[in-house]
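First up is the structure itself, then whatever we jot down about it.
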Amino acid sequence: MMKSDYIKKGPVGAPLRALFYGMGYIREEIDKPLIGIVNAQNEIIPGHIHLDRIAEAAKKGVLMSGGTPVEFPAIGICDGIAMGHAGMRYPLASRELIADSIEAVAAGHALDGLVLIPNCDKIVPGMLMAAARLNIPSVVVSGGPMRAGDHNGEKLDFSTVIEQVGSFKNGKITEEELEETAKRTCPGCGSCSGLFTANSMNCLTEVLGMGLPYNGTALADTGERIRLAKVAGIKVMELIEKGIKPRDILTLDAFKNAITVDMAMAGSTNTVLHLPAIAHEAEIPLELSLFDEISEKTPYLTKLSPSGIHHMEDLHLAGGIPALMNELTKKDLIVKDCMTVTGHTMGENIEKTKVQNNDIIKPIDSPYRNRGGLAILRGNLCPDGSVVKESAVAEEMLVHSGPAIVFDSEEEAVEAIFDKKIIKGDVIVIRYEGPKGGPGMREMLSPTSAIAGLGLDKDVALITDGRFSGATRGAAIGHVSPEAMEGGLIGLVKTGDTIEIDIPNRKLNVNLSQDEIEKRRKAYTKPEPKVKTGYLARYAKLVTSANTGAILSIKD
C-alpha cells in the first residue's frame with residue numbers, strides 16, 4: 001500500500017478526492033502514487049532560472065512510469081547576489097528553511113516519493129537533508145553547471161569578475177574593462193562554471209548515490225540535462241516499487257565515498273558544513289577527523305577553478321564523476337557496493353567508465369599530489385577544527401607566521417584591504433561571523449577576492465569563524481571552532497598577536513601564553529547580537545558550531 005493510500009482511498013478518502021477533483025485531477029490520477037516535484041525555480045538565481053524545464057521533464061518521467069506528479073516550490077538564495085552585504089547572513093540559514101518546508105509539504109500531504117530539483121549552494125544540501133529526514137523514495141536531479149565565459153580567448157567564471165574588482169581598485173584595469181568582463185563571465189543559465197559550492201554539492205549528490213550519473217557535470221543548457229530529469233522521474237517510480245529509500249542509500253560508506261571524491265577534486269570548503277548536516281538527518285555521525293583521515297590517503301586528481309584553469313564542462317568531457325571514481329577504484333578508495341537511485345550499486349554504475357582526458361583527470365599513479373584538496377587544522381585557535389582548501393593555497397603560504405590584523409566584521413576588513421592598510425605577511429582575522437555571531441556564517445569571498453585582486457594572495461592569510469565561497473583561493477582558513485560568539489579564542493586575539501599557520505602539519509595557533517589567555521578571558525565582554533529580531537535571531541539561538549555542520553539543535 002502506498003503512503004498516500006491511507007488518506008485517499010475508500011469512503012474516508014472522499015474529502016481528499018474532492019479537493020483533487022477541484023483541481024482537475026481524475027480518479028485514475030488520484031489512485032496512482034503521488035510524487036512531489038520539488039522545484040526551486042526562480043528568476044533571481046542563474047542556476048535556477050531554467051528549472052521549470054527540468055521539472056517538466058521530471059514530470060514526464062513520472063507519468064511514463066505510472067505516477068502522478070504534483071509540483072510544489074522551494075526557495076533559493078544566490079550567494080553571489082547576497083555576497084558582501086547583510087544579505088549574506090541568509091543563505092546558510094535558508095538551508096534549514098528549505099529542509100523544513102519540504103518536510104512540511106511532503107509529510108502534510110502523505111506523498112509517496114520526491115523528485116528534488118535544486119542547483120545552487122544551500123538548496124542542494126537542504127533538499128538532501130529533507131530526503132534523509134523524510135526517508136521516502138527520492139531522486140535529486142540538479143539544474144546543471146553553466147558554461148564558462150570567454151573573453152579574448154581567456155576562460156572566465158564568477159571568481160574572475162570578483163577578483164577584477166580588486167584589480168580595478170588597484171588601478172590595473174579600467175572600469176570599462178571590468179564591465180566587459182562582467183558581461184562575458186556568465187554566458188547563460190546554470191550553476192557558476194567552476195568547482196564552487198554548488199557544483200561541488202551537485203557532484204557529491206551523485207557520489208552519495210542520490211543523483212544519477214553525470215548529475216554533477218552535464219551542462220544546464222543541454223538535451224543531456226533534460227534526459228537526466230526524465231530518467232529521474234522514471235527512477236523514483238522504480239525506487240517505490242523496490243522499496244529503496246534514502247537511508248538505504250545514505251550509509252556511512254556512501255559518505256566516505258563522497259569525502260574521498262571531495263578530496264580528489266578539491267571541492268568547496270562548504271562541503272565540510274553540508275555533508276555532516278546531511279549525515280545528521282540520516283542519523284549517521286560524521287566527525288571532522290574523518291575528512292582529514294580520508295584526505296591523507298586520497299590523491300588530488302583534478303585541478304578545476306578556483307584551484308586551476310579547468311571548468312565543469314572540461315570535467316564532463318573528460319568522463320565526469322563516474323570516470324573520476326573509477327580511477328579512484330584502482331587503489332580501492334571507493335566502496336563499490338553502495339546502493340544508488342539507479343537501482344544498481346555504485347560499482348555497477350561506474351565500472352564501464354574511463355578517463356577521456358588525462359590533462360583534466362590525472363592518472364591515479366601521477367596525481368597533482370598524493371594528498372587531498374581540503375585540510376582540517378587544529379590548535380589553540382581552533383580546538384574543534386577549521387577548514388582550508390589546501391589545493392588553492394600558494395606553496396609559499398602553506399607555512400606562515402605573521403601579525404594578526406583583527407576585524408569584528410567582514411565590512412571592516414574589506415574597507416581596510418581596499419584602503420591598502422594590509423601589507424605582505426599580515427594575517428587578517430575576521431570574527432563574529434560564525435553561525436551564531438554572523439549570524440548565518442557569511443561567506444568571505446569579497447575580502448579574499450580583494451586580496452587576490454591586489455596581488456597579495458601569495459603574501460597574506462585570512463582566518464575567520466565565518467566561511468568562504470567555493471570560488472575562494474589563497475590561504476583562507478574558515479570555520480574556526482569554537483566561534484567568537486561561543487567563547488572561542490579567536491574572540492580574544494588582538495592586532496599584533498603572532499598567528500602561526502602550518503597547513504602540512506594541520507596546525508593553527510596564536511602565540512599566547514596560557515596566563516595571557518586567561519587574563520584576556522577575564523576581561524572579555526561578549527558583544528550584543530548583531531540581529532535581535534526575525535528568523536535570523538531565532539536561527540542564532542538554535543544553530544550549533546561549524547564543526548557539527550551548523551545544524552539546528554533540538555535540545556531543551
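Values below: all heavy atoms of this structure, side chains included; hydrogens, waters and symmetry mates excluded. When a residue number appears, it is its place in the shown sequence, counting from 1.
Asp314 places a side-chain N or O within donor-acceptor distance of the main-chain N or O of His311, the cut-off being under 3.5 Å. Although no hydrogens or angles enter the test, the distance criterion places a donor-acceptor pair under 3.5 Å between the side chain of Asp112 and the main chain of Leu34. One N or O on the side chain of Asn199 and one on the backbone of Cys192 form a donor-acceptor pair closer than 3.5 Å. Remark: side-chain polar atoms of Ser481 are paired, donor with acceptor, to backbone N or O of His479 under 3.5 angstrom. Under the 3.5 Å distance criterion, the side-chain polar atoms of Arg89 are matched with a main-chain donor or acceptor of Gly438. Put simply, the side chain of Lys303 never gets that close to the backbone of His310: no donor and acceptor are under 3.5 Å apart. Judged purely by atom type and a 3.5 angstrom limit, His109 has no side-chain atom pairing as donor or acceptor with the backbone of Leu111. Not one N or O on the side chain of Thr345 forms a donor-acceptor pair closer than 3.5 Å with the backbone of Met339. Between the Asp121 side chain and the Thr197 main chain, no donor and acceptor come within less than 3.5 Å of each other. Between the Ser94 side chain and the Leu97 main chain, no donor and acceptor come within less than 3.5 Å of each other.
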Q: For side chain to side chain contact (heavy atoms under 4.5 Å, CB included), just list the numbers for Arg95 and Leu128, CA-CA rounded to whole Å, side-chain angles, deciding distance to a tenth of an Å, and then say yes or no.
A: CA-CA 10 Å; Arg95 186 187 71 181; Leu128 285 166; over 6 Å; no
**Q.** Arg133 vs Asp100, salt bridge (Lys or Arg N to Asp or Glu O under 4.0 Å): CA-CA, chis, key distance, verdict
**A.** CA-CA 9 Å; Arg133 188 187 301 172; Asp100 290 352; 2.8 Å; yes
Q: Apply side-chain hydrogen bond (donor to acceptor under 3.5 Å, both in side chains) to Ser159 and Asp157, showing your working.
A: CA-CA 6 Å; Ser159 64; Asp157 57 49; 2.5 Å; yes
Q.
Lys330 vs Glu327, test: salt bridge (Lys or Arg N to Asp or Glu O under 4.0 Å). Steps then yes/no.
A. CA-CA 6 Å; Lys330 294 177 181 178; Glu327 192 67 20; 2.9 Å; yes
(Q) With side chain to side chain contact (heavy atoms under 4.5 Å, CB included) as the criterion, how do Leu542 and Glu96 come out once you've worked through the C-alpha distance, each side chain's angles and the decisive distance to 0.1 Å? (A) CA-CA 11 Å; Leu542 295 173; Glu96 319 308 312; over 6 Å; no
Q.
Under the criterion side chain to side chain contact (heavy atoms under 4.5 Å, CB included), I'd like the reasoning laid out for Thr269 against Arg467: C-alpha separation, chi angles, the key distance, then a yes or no.
A. CA-CA 8 Å; Thr269 53; Arg467 59 194 177 89; 5.8 Å; no
**Q.** salt bridge (Lys or Arg N to Asp or Glu O under 4.0 Å) evaluation trace for Lys436 with Glu483
**A.** CA-CA 8 Å; Lys436 283 185 179 295; Glu483 63 174 292; over 6 Å; no
Q.
salt bridge (Lys or Arg N to Asp or Glu O under 4.0 Å), that's the test. Do Glu56 and Arg53 meet it? Break it down for me.
A. CA-CA 5 Å; Glu56 286 303 315; Arg53 290 187 66 208; over 6 Å; no
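A distance of 5.0 Å separates CD1 of Ile321 from CG of Leu315, quoted to the nearest 0.5 Å. Atoms CG and CD, from Asn257 and Glu206 in turn, are 12.0 Å apart once rounded to the nearest 0.5 Å. To the nearest 0.5 Å, atoms CD1 (Ile240) and CD1 (Ile136) are separated by 8.0 Å. Expressed to the nearest 0.5 Å, how far CG of Asn42 lies from CG of Leu51 amounts to 8.0 Å. His50 NE2 to Gln41 CD: the interatomic distance, rounded to the nearest 0.5 Å, is 9.5 Å. Between the CZ atom in Phe20 and the NZ atom in Lys8 there is a gap of 7.5 Å [rounded to 0.5 Å].
Checked against ring pair (Phe, Tyr, Trp, His ring centres under 6.0 Å), His316 has the following partners two or more places apart in sequence or in another chain: Tyr214. Checked against salt bridge (Lys or Arg N to Asp or Glu O under 4.0 Å), Glu433 has the following partners two or more places apart in sequence or in another chain: Arg442, Lys530.
The shortest side-chain heavy-atom distance between Met265 and Leu304 does not fall under the 4.5 Å cut-off. Residues Leu212 and Val141 are not in side-chain contact: their nearest non-hydrogen atoms beyond the backbone lie 4.5 Å or more apart. Residues Glu486 and Pro435 have side chains not in contact (no heavy-atom distance under 4.5 Å, counting atoms from C-beta outward). By the 4.5 Å heavy-atom criterion applied to side chains, Ile278 and Met201 are counted as neighbours. In this structure, Ile376 and Val387 have side chains that are in contact, with non-hydrogen atoms separated by less than 4.5 Å. No side-chain heavy atom of Leu288 sits less than 4.5 Å from a side-chain heavy atom of Asp384. The closest side-chain heavy-atom distance from Met441 to Val543 is not below 4.5 Å. Proximity of Pro145 to Asn202: side-chain heavy atoms (C-beta onward) are nowhere separated by under 4.5 Å.
Within 6.0 Å of atom OH in Tyr90, 12 or fewer heavy atoms from other residues, nucleotides or ligands are found, so the atom counts as exposed in its surroundings. Lys245 NZ: 12 or fewer foreign heavy atoms inside a 6.0 Å radius. More than 12 heavy atoms of other residues, nucleotides or ligands shown are found within 6.0 angstrom of CZ on Arg247. Heavy atoms of other residues, nucleotides or ligands lying less than 6.0 angstrom from CD of Glu241 number 12 at most. Within 6.0 Å of CD on Glu287 lie no more than 12 heavy atoms contributed by other residues, nucleotides or ligands. Surrounding NZ of Lys541 are at most 12 heavy atoms belonging to other residues, nucleotides or ligands under 6.0 Å away. In the displayed structure, Ile44 atom CD1 is contacted under 6.0 Å by at most 12 heavy atoms of other residues, nucleotides or ligands. Sparse packing is recorded around OH of Tyr6, with 12 or fewer heavy atoms of other residues, nucleotides or ligands lying under 6.0 Å away.
Using a 4.0 Å cut-off between a side-chain N of Lys or Arg and a carboxylate O of Asp or Glu, Arg227 and Glu224 do not qualify as a salt bridge. One finds a salt bridge joining Lys122 and Asp79 here, because a Lys/Arg side-chain nitrogen approaches an Asp/Glu carboxylate oxygen to under 4.0 Å.
In summary, the side chains of Asn547 and Ser545 do present a donor paired with an acceptor at a separation below 3.5 Å, with no hydrogens or angles considered. For Ser200 and Thr271, the side-chain atoms include no donor-acceptor pair closer than 3.5 Å. Judged by distance alone, the side chains of Ser295 and Asp292 never bring a donor and an acceptor atom under 3.5 Å apart. Under 3.5 Å, the side chains of Thr205 and Asn215 contain no donor-acceptor pair of N or O atoms.
Residues Ser138 and Leu116 approach most closely at CB-CD1, 4.1 Å, considering heavy atoms. Summarising the geometry of Asn39 relative to Ala55, their closest heavy-atom pair is ND2-CB, 3.6 Å, with the distance given to 0.1 Å. For the residue pair Ala132 and Ala282, the shortest heavy atom distance occurs at CB-N, 3.9 Å. The nearest pair of heavy atoms linking Ile75 to Ile98 is O-CD1, 3.6 Å. Met263 and Phe291 get closest at one heavy-atom pair: CE-O, 3.4 Å. For the residue pair Ile77 and Pro91, the shortest heavy atom distance occurs at CG2-CG, 3.9 Å.
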